[in-house]
Amino acid sequence: MEADELLVRVAGGDHKAFEELYGLVSGPVYGLVRRVVRDPAQSEEVSQEVLLELWRSAARFDPRRGSALTWVLTLAHRRAVDRVRSARAAGEREQREARRAEGPAFDQVAEEVEAGLEREWVRRCLNRLTALQRQSVTLAYYEGYTYREVAERLRLPLGTVKTRMRDGLTRLRDCLGGAA
């Protein structure tokens, strides 16, 4: 008996016709699904869903619009594509969640906060220096100038700059000692 006739009988609830139709279409259905889905276990599951859908929706088959095999394979292709899309969407959702959850580690946040507090403490201690000490220390340690370059830039003798730096660094050390 042909698949078209069997499908019409299946629409009427004929279990024997479904067994025969199953034997005719299960191989092509699995082959098509396997090419789309690729995973063997998923392919078996999708094929089983297609054949179950075939039993439930056989009455929708219209032999004037095409052959039973074409109709069944169309069902199989749609279901396989749906499974692939669903799996892809689930994977993308998982990746988005993983990216959202990544954020900085607790230790990194703590370190950033601590560094911010240390910078603030250094700023406060720098503000306690005389203007000349602060200027010398800032040029040397924050702008990278050597003592000689600081002296040239400030148009002061090198010995004076060294004294300012020594006194300023001593005061900074004393002030920052309270930060510990």
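None of these values were measured; they are calculated from a predicted model.
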Nearest 0.5 angstrom please: T163 OG1 to L156 CG, how far?
11.0 Å
Taking the side chain as every heavy atom from C-beta outward, state whether E53 and R60 have any atom pair closer than 4.5 Å.
yes
Is there a continuous path of hydrophobic side-chain contacts, each under 4.5 Å between heavy atoms, that joins L139 to L169?
yes
So R164 and Y147, do their side chains get closer than 4.5 Å, heavy atoms only?
no
Measuring only between side-chain heavy atoms, which start at C-beta, is E97 closer than 4.5 Å to R93?
no
Same hydrophobic cluster for L132 and V161, using side-chain heavy-atom links shorter than 4.5 Å among ILVMFWY?
no
Gap separating the CD atom of E92 from the CZ atom of R85, nearest 0.5 angstrom
12.5 Å
Value rounded to 0.5 Å, distance of CG in L7 from CG in L24:
11.0 Å
For L54 and V10 the tightest heavy-atom approach is O-CG1, 4.5 Å
Are side-chain heavy atoms of Q48 and E44 found at a separation under 4.5 Å?
no
Using modelled atom types only, decide if a donor and an acceptor are shared between the side chain of S86 and the backbone of D82 within a distance under 3.5 Å.
no
Looking at R123 and E120, what are the two nearest heavy atoms and their distance?
NH1-OE1, 2.8 Å
So which heavy atom on L51 is nearest to which on F18, and how close?
O-CZ, 3.6 Å
Measuring from E5:CD to L21:CG, what's the distance to the nearest 0.5 Å?
11.5 Å
Of all heavy-atom pairs between L75 and S57, which one has the smallest distance, and what is that distance?
CD1-OG, 4.5 Å
Could you please spell out the steps behind the side-chain contact (heavy atoms from CB on, under 4.5 Å) verdict for Y30 and S26?
CA-CA 6 Å; Y30 178 76; S26 61; over 6 Å; no
State, yes or no, whether a side-chain contact exists between V46 and V36 at a heavy-atom distance under 4.5 Å.
no
Mind checking the OG1-CG spacing from T138 to L126? Nearest 0.5 Å is all I need.
5.5 Å
I need the minimum non-hydrogen distance between A140 and M165, along with the two atoms involved.
CB-CE, 3.2 Å
Within the structure provided, determine whether R171 and T130 are in side-chain contact (heavy-atom separation under 4.5 Å).
yes
Check ion pair K16-E20 (N to O, under 4.0 angstrom):
no
So does S67 get a backbone contact from the side chain of D4, meaning a donor-acceptor N/O pair under 3.5 Å?
no
Rounded to the nearest 0.5 Å, the CZ atom of R79 sits from the OG atom of S47 at a distance of 11.0 Å
Search all heavy atoms of S43 against all heavy atoms of R38 and return the closest pair with its distance.
OG-N, 4.1 Å
With heavy-atom distances below 4.5 Å as the criterion, would you say the side chains of Y142 and V122 are in contact?
yes
Please examine the side chains of L154 and Y145, heavy atoms only from C-beta on, and report whether any two atoms are closer than 4.5 Å.
no
